[in-house]
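Naming convention: chains lettered A, B, ... in sequence-line order (proteins, then strands); numbering from 1 in each chain.
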Protein chains: 2
Amino acid sequence: MATVRRPGAYVCGIDAAMDVIGGKWKVLILWELNERACRFGELRRLLPGVTEKVLASHLRELEADGIVHREVYDEVPARVEYSLTSLGVSLNGALAPLGAWGREHVLGIVH
Amino acid sequence: MATVRRPGAYVCGIDAAMDVIGGKWKVLILWELNERACRFGELRRLLPGVTEKVLASHLRELEADGIVHREVYDEVPARVEYSLTSLGVSLNGALAPLGAWGREHVLGIVH
DNA sequence: CAGTATCCCCCACGATACTG
DNA sequence: CAGTATCGTGGGGGATACTG
């Protein structure tokens with residue numbers, strides 16, 4: 001999933017948005033990055049079960065879609081930080097009502 | 001996808017909601033049913049490319065999740081109408097901001 | 001009309017090993 | 001630490017045929 005995978009094929013906005021957040025771990029990545037910027041290894045620990053390969057490819061796609069910013073610090077050992085772009089922040093905001101709906105109606109947590 | 005597929009495994013509300021709308025055609029089904037109740041054949045025509053099998057299984061899952069109501073009318077030939085439940089209406093409402101985000105930032109349609 | 005019943009396929013995701 | 005490189009797999013989805 002990434003960057004207009006289906007050019008001009010989207011039926012509506014939700015359809016298009018689903019293509020951006022459609023990866024198995026993507027909304028969880030956004031969820032974590034919404035709190036604070038994270039390094040690769042941090043994200044891996046925050047998302048139990050994700051493999052390095054999948055985490056890397058999801059981050060590449062989110063970066064290509066302009067949702068995530070990748071900052072490389074020239075240090076030894078290597079250090080890379082991922083954070084949300086302003087577009088990513090706006091996406092998270094648009095996701096908030098859906099999160100509230102899920103909490104209330106699927107998880108059964110009222111407020 | 002349907003009805004607590006991963007009991008107690010959800011990390012957050014968005015994660016849980018994604019499980020409900022995670023099927024390939026589900027948000028499009030919701031999108032159409034938001035306009036008006038539809039018959040099976042109508043939905044099939046409204047969603048070019050979907051097969052009967054997949055449409056049927058998606059509708060079964062949405063029904064099991066309490067999102068869609070299935071009303072059978074005893075006529076000849078058989079007639080079945082699908083509509084949103086109140087839960088489905090609330091889900092669509094929660095999806096609206098995501099749709100607006102997609103229209104604006106993916107499709108490039110400002111308002 | 002509104003679906004099942006089969007068979008099949010692809011690819012997103014996973015497991016493991018290795019590297020700058 | 002932050003990733004690539006390879007190989008393998010499961011199941012969601014597609015094609016087609018058939019039925020109450």
Side-chain angles (χ1 to χ4, degrees), chain A residues 1-6 9 11 15 18-30 32-33 36-65 68-83, chain B residues 1-6 9 11 15 18-30 32-33 36-65 68-83:
Chain A
M1 318 269 184
T3 313
V4 188
R5 276 160 285 276
R6 300 155 46 197
V11 176
D15 189 24
M18 286 298 292
D19 206 22
V20 173
I21 59 172
K24 183 171 180 183
W25 304 88
K26 285 189 181 175
V27 298
L28 296 179
I29 293 173
L30 295 187
E32 297 299 342
L33 292 185
R36 54 181 171 78
C38 285
R39 305 177 61 171
F40 187 86
E42 283 182 301
L43 280 174
R44 193 157 49 113
R45 265 172 275 115
L46 288 167
L47 307 176
V50 72
T51 63
E52 297 172 337
K53 175 196 161 189
V54 170
L55 178 56
S57 83
H58 279 188
L59 286 169
R60 291 297 101 76
E61 291 174 358
L62 288 170
E63 193 189 355
D65 284 336
V68 155
H69 173 68
R70 180 171 183 269
E71 185 77 37
V72 182
Y73 297 92
D74 247 8
E75 303 176 359
V76 177
R79 180 175 155 229
V80 178
E81 272 198 356
Y82 293 92
S83 56
Chain B
M1 318 265 181
T3 312
V4 188
R5 279 160 283 277
R6 301 153 47 196
V11 176
D15 188 24
M18 287 297 293
D19 206 21
V20 173
I21 59 173
K24 182 172 181 183
W25 304 88
K26 285 189 182 177
V27 297
L28 297 179
I29 293 173
L30 295 186
E32 297 298 343
L33 292 185
R36 53 182 172 78
C38 285
R39 304 177 61 170
F40 187 86
E42 283 183 298
L43 280 174
R44 192 157 49 114
R45 264 173 274 117
L46 288 167
L47 307 177
V50 73
T51 63
E52 300 171 334
K53 174 196 160 191
V54 170
L55 178 56
S57 84
H58 278 188
L59 286 169
R60 291 297 100 78
E61 290 173 0
L62 288 171
E63 193 189 355
D65 284 336
V68 155
H69 173 67
R70 181 172 182 268
E71 185 78 37
V72 182
Y73 297 92
D74 247 7
E75 304 174 1
V76 178
R79 181 173 155 231
V80 178
E81 272 198 358
Y82 293 92
S83 57

Spacing of [X] atom [atom1] relative to [N] atom [atom2], expressed in whole Å:
X	N	atom1	atom2	value
B:Asp74	C:dA2	CG	C1'	13 Å
B:Glu61	C:dG3	CD	C1'	16 Å
A:Arg39	D:dA2	CZ	P	4 Å
A:Ile29	C:dC13	CD1	P	10 Å
A:Glu42	D:dA2	CD	P	8 Å
B:Lys26	D:dG12	NZ	C1'	11 Å
A:Arg60	D:dA5	CZ	C1'	14 Å
B:Leu55	C:dA5	CG	P	17 Å

Practice prompt. Report yes if a side-chain nitrogen or oxygen of B:Arg70 is closer than 4.0 Å to either non-bridging phosphate oxygen (OP1 or OP2) of C:dG3; otherwise report no.
Written response: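 Answer yes for this pair, as a side-chain N or O of B:Arg70 is under 4.0 Å from OP1 or OP2.
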Item to complete: Nearest 0.5 Å please: distance from the NE2 atom of A:His58 over to the CG atom of A:Leu30.
Response: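 Those atoms lie 11.0 Å apart.
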Worksheet entry | Intermediate values then yes/no, side-chain contact (heavy atoms from CB on, under 4.5 Å), B:Leu59 and B:Arg70 | CA-CA 9 Å; B:Leu59 286 169; B:Arg70 181 172 182 268; over 6 Å; no
Worksheet entry | Residues B:Leu28, B:Leu46; criterion side-chain contact (heavy atoms from CB on, under 4.5 Å); working and verdict | CA-CA 9 Å; B:Leu28 297 179; B:Leu46 288 167; over 6 Å; no
Worksheet item: For nucleotides 14-20 of chain C, read 5' to 3', which letter fits each nucleotide if B means a protein heavy atom sits under 4.0 Å from the base, S means only the sugar-phosphate is that close, and - means neither?
Response: BB-B---
Fill in: Side chains of B:Leu43 and B:Glu32 in contact at under 4.5 Å (non-hydrogen atoms)
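With C-beta onward as the side chain, the pair touches.
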Worksheet entry | Side chain to side chain, B:Tyr82 and B:Ile29, heavy atoms closer than 4.5 Å | no
Item to complete: Looking at every strand, decide which applies to B:Arg44 at a 4.0 Å heavy-atom threshold: base, sugar-phosphate, or nothing.
Response: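 Nothing: the residue B:Arg44, judged by heavy atoms under 4.0 Å, touches no strand.
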Fill in: Sugar-phosphate, base or nothing in reach of A:Tyr82, heavy atoms under 4.0 Å
sugar-phosphate
Fill in: Most 5' of A:Pro77 and A:Ala56 on DNA chain D, judged by nearest nucleotide
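Here A:Pro77 is the residue nearer the 5' end.
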Discussion item. Run the side-chain contact (heavy atoms from CB on, under 4.5 Å) test on A:Lys26 and A:Lys24 for me, step by step, so that the C-alpha distance in whole Å, both residues' side-chain angles and the decisive distance to 0.1 Å come before the verdict.
Written reply: CA-CA 6 Å; A:Lys26 285 189 181 175; A:Lys24 183 171 180 183; over 6 Å; no
Response to the item:
Residue pair A:His58/B:Arg79 against DNA chain C: nearer the 5' end by closest nucleotide is B:Arg79
Discussion item. Treating A:Glu42 as the side-chain partner and A:Arg39 as the backbone partner, does any N or O pair qualify as donor plus acceptor under 3.5 Å?
Written reply: yes
Discussion item. Only pairs with both distances under 3.5 Å count, Watson-Crick or wobble alike; so what is the partner of D:dG20 in this structure?
Written reply: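 Paired with C:dC1.
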